[in-house]
Amino acid sequence: MEEKLLTQHFGIENLFKIDVYLKHSGYQAVKKALKEMKPSEIMDEVKAANLRGRGGAGFPAGVKWGFVPQDIDKPKYLCVNADEGEPGTFKDRYIMSHNPHLLLEGIIIASFAVGIHKGFVYIRGEYETIALRFEQAISEANKEGFLGKNILGTGFDLNVFVHRGAGSYICGEETALLESIEGKRGNPRLKPPFPASVGLFGCPTVINNVETLSNVPQIILNGAKWFCQKGLPKDGGTRIFGVSGMVKNPGIYELPMGTNLKDIIFKHAGGMKDGKKLKAVIPGGMSAPILTADEIDIKMDFDSLMDAKSMLGSAAIIVIDEDTSILDVLKVITKFYSHESCGQCTPCRVGNSWINKIVKRIAGGKGKKEDIDNIIRLASNMLGKTLCPLGDAAAMPILSITQKFRKEIESYIGN
Amino acid sequence: MIIFIDGKKFGIESKKTILEAARENEIYIPSLCDHSRLSPFSGCRLCIVEIKGRRGYVPSCSTYVEEGMDVKTDSPRLRKMRKQILELILSEHPNACLICSEKENCDEYKSTIRKVGEVTGCVLCPNNGRCELQDVVKALKIDKVRFPSVYRNYEVKKNDPFFDRNYNLCILCGRCVRVCHDLRGSSAVSFVFRGSKAGIGTVFDQTLLEAGCQFCGACVDVCPTGALTERALKYETLPDETRKTICPFCSIGCELKMELKEGRILNSAPSEDGPVNQGQACVKGRFTIKDAVYSSQRILKPMIRKNKELEEVSWEEALDFVAKKLKKYKGKEIGLIASPQVSNEDNFLIHKFAEYVLKTENIDSVVRFSSYAVFQDLAQKNGFELNLNFKIEDISKAKTIFLLGADIVVTHPIIWLEVLRAVNNGAKLIVASSVDFFLNRFSSLWLKMKPGSEYFLLSFLSKVIIDKSKVENLAQIEGFKNLKSSLDELDLSQAIEKTDIEEENIKKAAEILIKETPSVFIFGMELTQLPWGSQNLAGLWNLSLQTQGQLVPLGLETNLRGLFELNRHCSSNTKGFKRIIQDAEEGKVKALYLASPIPYSQKAKFEFLVIQDSFMSENMKKADAVLPAASFAEIEGTFVNVEGRIQKFNKVIEPLGEAKPDWWIISQLAQKMGHNELNYNASSEISKEMIKNIPGFSGISFQKLKKGERLFIQEEKKGKKKFVPIKFFSTSIETSKEYPFLMLVDYNLDYYKNLDLSQEIKAFGIIRNSRWFKINPNDAKKTKLKDGETMEVESSKGKVKGIVKVLESVPRGTIVASFLWNEEETISVARLVSPLSNASHSLVLLPVKIKRGK
């Protein structure tokens, strides 16, 4: 059985309460970091651990922290991206509902390392109970002296606030998230400037995903070398894979980075439901390009999937069986993006809307021969040409599906 | 730095976008969401370019040039992509006409088929021919759209003043949202919904009026399509000419461009390169000019009183009549009133007419009731130098802005834009007022105070700053000891009691003033027009010396500053306003020449009254002769704006009816009275003479003005500074059992000469109205008054009627009213606060009682 870093204590009753958490070596990492380490040492350790961002882009967290200017008279902020809106993804909610203090530890250590005194946890609107539970955790941590003024007598101050989203997918994009916290409409910002220099309220800001930060305590306790051993040398630690769709045992599986996709589906998730044949897998949340059944003998890490022209993204594995029509998959995907585009740039706003209309037309039996090429043309026109990554996120799965399953889609179009 | 665009080498200033660099060098890159005055948006994606060594395509509107950058703005691939993007835009916009192969043939029908409810093609669109989408379609040579056109079927919003919103034509460039939020601070419109339903709208789909729109029209000006269209242009074809001039509706002096068709004004809009306004205007300049110029209230023919009735006569007859009558009186029996809303040339000539032709010292104007006059008085009495000039852009560079005595969003909108710019750059705005102004939401500190108690606040701040800053620095300035000892009288509890401001806020204000420099102190008439107005100003003056801040005095009327300058040098011996009327009451002044609207005492009986104005007025009932003056649009001349900047305004149309320039009328009269030395053929001849004779105007040349040089009134700058000791009065204007409300006069210039804009232009009257008595909802409830009902306001001097306007921003126990010089007696607020009454400077506050009127 593989060792678990994040989910090891899941299942312990009332783990989300601080007294239970403290009994299971809770806040040891905070104590070690704040009392025994210098901020620069923490940052070096996290850099050496090759902890890559778990939100989707896989950017090394330590490097990101390093971008924040240190000699500046403005305040600095930490924003935790707990918007988890990528369809198929449900890992962060597990962490926050089972083990909120683990995330808080990560927040405290990261803030200490970067010199941040205010943190915002942006929780998606639908996660109401989680938000309440997390607020409870914050207030407990405040009472126990892990948050607030002069934490553990070290002179370090930190306050953490929960900010709840209102149901928009784009607010998971880091700059739209900042706008939303500022009380504005969640539209993405133009980059540069990047949030590390001009972020929340114009101040330097670190934005990390829930899972990313939750890994930090283990790195502090066990060291970078140990962490890399748990995963891959250049891609340390474990990953929480969220398996959904037509498998026997859907759910979350914390496994070493680089675990084979085939094993995840057939060993860990119990194989296909009702003995059906596998048709395709979306390996990293809905935005990831689709893999056909022949392509699933692959290591699940950032680089391997990149090589296969897909992406690890949020490591949400959506399993599609032979009975599922690929057109239905496409319909769900295109409806989602045409609804969730913020509307700012043309190719994404109008493009997604047209793709969705065309897919619906094909599904309604009125498809035309040129429709598939039209979809490809519209999607290519988004890829790399929109203001924020949403355009790419929509284009990638749509392009891969129409290209890899062209024959099947054509079969829905009459002569 | 050196960059390459399409293989050619260009030298570019840094901090420019690729799009700006390309435009500067006349390289065309299509774009629809970019606007030179707005921050980049990168929404339309039409302006994508390729950069050598970079992957993919970048929007040129938000990508800044870098040394050695090699940009490709045109290639088959780029062209193809741009066409695809434009097709997407067109699929959301009625496009049949845009891509029609026979569009040229449609021209002759355009003007007739505009009167339809829905715009489904260019020929039905009010913006046909003014549309940036049309331009881009032409440039990209689009002749087919591979998607069926989707008409979104939004209801056209027609229930707001001045312009319609047809979002079926919107391409979501977001310019209106950016200009409203970033430049104007209104945020009346925003993006609404998302995905394919994304659009522009107001909060909860309210009307613009409800959503806090100022109707400045900036959104209409930046809209690239026909989504936002001015109603006045709806059924007009394209203009055949555009002319520029200066707006006369406040003292900012915005440059406007007026569109003309066959010699008629179609509309007015801010000129893109206006030196003061930089492409911005306000509701008055943008939407009311045309209606004011062509008002039905215009006087179009000379009139003289025959058999008790005013009759239209020829100029010859009218001038002969007036000349003959005036000749009968001795100089001291004639009074003249000059106008702050006409040109310097007109005013120069009327002063010359008084001095050389009529030989009278009885010439005055409302300058006497301005903050300039109070300031001048203070400077003379205390021996410091009066400097009124400032540069508008200095405001946006300030770190602290202290505002008193004016609701600048209404009175000086362009000054407000500079304040907003400063605030957006991190400056602290402190507002001291009793009314909760719109701009208070941008303030770091609102000192909510008892009206009229400003000098207690200002003096206490002075005292705190003396205690906290290095005394040596301040002690070098003359008068420091006197100031310091005069402030000994004042303590904190007194300051709090008099002003009603919380202690903490007074301290905060002092802290900001000490810490955040440079500071700018902006003040309007409501600070100075009180019996202790000079003390209020002295308090501000001391504070500005202590913090080395700049004072920005805001004159209200168009050319108040120019008239003030003339007054200063032409007529130091002239008798005041009040004296002229008093003399009339005593029968000493028998004839009055009104070149400007004023109220005058009922007791004053003139034997002979001449009115020279562009619009009809109450005083005409008593006039013996009425001479029609041309409006600003019909003549040329110079105005001096609030900064002290001299600007030339131009003739846009021919004078209406038989109206003539003010200077022409005076010149003709002088000649009829035997003074041929006042013979002029053009206003420029008068300019030359004025420049020679009035020191403040020396150094002006029209050549320089034409070249765009900034010319200011010449001021002596010896830099003499001196503190002014403060006198604390025990008296104040208080309410009583009999008069339980305090009426506050809200100074704005919503009139042009004798024309009340809110009464003449209905749509403007919905936005703000000179007849409104604004009242707090609580007071309204108590007195059972509702919006729109008639209210009667009574003071010890009489009663007037107005319309109830319930507003949260008005403090309890207060009525806020507007002030016009010349109105019908039953509605004239001016009559209650008349400058002719004994408390001559108390034009701001008055205890009153209110009741429902009939």
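Numbers restart at 1 for each chain; the letters A, B, ... are given by sequence-line order, proteins then strands.
With rounding to the nearest 0.5 angstrom, the CZ atom of B:R194 is 10.5 Å from the CD1 atom of A:I170. Residue B:S190 holds its OG atom at 8.5 Å from CG of A:N187, rounded to the nearest 0.5 Å. Rounded to the nearest 0.5 Å, atoms NZ (A:K385) and CD (B:Q84) are 8.0 Å apart. One distance of note links CG of A:L387 with OG of B:S62; it measures 7.0 Å at 0.5 Å rounding.
In this structure, B:S91 and A:W354 approach most closely via the heavy-atom pair OG-NE1, 2.9 Å. The two atoms that bring A:T346 and B:C44 nearest to each other are OG1-O, 3.1 Å, heavy atoms only.
Using a 4.0 Å cut-off between charged nitrogen and carboxylate oxygen, B:E92 and A:R349 count as a salt-bridge pair.
Open room surrounds CD on A:E128; 12 or fewer heavy atoms of other groups in view lie less than 6.0 Å from it. Other residues, nucleotides and ligands contribute only 12 or fewer heavy atoms inside 6.0 Å of the NE2 atom of B:H181. Heavy atoms of other residues, nucleotides or ligands lying less than 6.0 angstrom from NZ of A:K357 number more than 12. Within 6.0 Å of NZ in A:K118 there are 12 or fewer heavy atoms belonging to other residues, nucleotides or ligands. Within 6.0 Å of the NZ atom in B:K16, the count of heavy atoms belonging to other residues, nucleotides or ligands exceeds 12. Other residues, nucleotides and ligands contribute more than 12 heavy atoms inside 6.0 Å of the CD atom of B:E67. Few gaps surround CE on B:M1; more than 12 heavy atoms of other groups in view lie less than 6.0 Å from it. Under a cut-off of 6.0 angstrom, the local environment of CZ in B:F204 is sparse, with at most 12 non-hydrogen atoms contributed by other residues, nucleotides or ligands.
Ranked by non-hydrogen atom pairs under 4.5 Å with chain B, the options A:G384, A:G202, A:P347 are led by A:P347. When each of B:Y64, B:F147, B:Y57 is checked for heavy-atom pairs under 4.5 Å with chain A, B:F147 comes out on top. Your options are A:S353, A:C348, A:S341, and the one with the most heavy-atom pairs under 4.5 Å with chain B is A:S341. Ranked by non-hydrogen atom pairs under 4.5 Å with chain B, the options A:G343, A:S338, A:S380 are led by A:S338.
Residue B:F41 touches chain A through both its backbone and its side chain, counting heavy-atom pairs closer than 4.5 Å. Contacts between A:R377 and chain B at a heavy-atom distance below 4.5 Å involve backbone atoms as well as side-chain atoms. For chain A, no part of B:R55 is nearby; none of its heavy atoms comes within less than 4.5 Å. For B:V150, the part sitting under 4.5 Å from any heavy atom of chain A is the side chain, from C-beta outward, and nothing else. Proximity to chain A (any heavy atom under 4.5 Å) is restricted, for B:I171, to the backbone atoms N, CA, C and O. Within the 4.5 angstrom heavy-atom criterion, atoms from both the backbone and the side chain of B:P40 approach chain A. A:F336 does not touch chain B: none of its heavy atoms, backbone or side chain, sits under 4.5 Å away. Heavy atoms of A:S168 lying under 4.5 Å from chain B belong to its backbone as well as its side chain.
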Practice task
Evaluate the side chain to side chain contact (heavy atoms under 4.5 Å, CB included) criterion for residues A:N381 and B:I85: first the C-alpha distance (whole Å), next the side-chain angles of each, then the deciding distance (0.1 Å), finally the verdict.
Solution key: CA-CA 8 Å; A:N381 212 22; B:I85 292 168; 3.8 Å; yes
Side-chain donor-acceptor contacts of residues 191-201 of chain A below 3.5 Å, not counting sequence neighbours, with atom names and distances?
{"unit_1": "A:K191", "atom_1": "NZ", "unit_2": "A:E174", "atom_2": "OE2", "d": "3.0"}
{"unit_1": "A:S197", "atom_1": "OG", "unit_2": "A:F194", "atom_2": "O", "d": "3.1"}

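Taking the side chain as every heavy atom from C-beta outward, A:L378 and B:L88 approach each other to under 4.5 Å.
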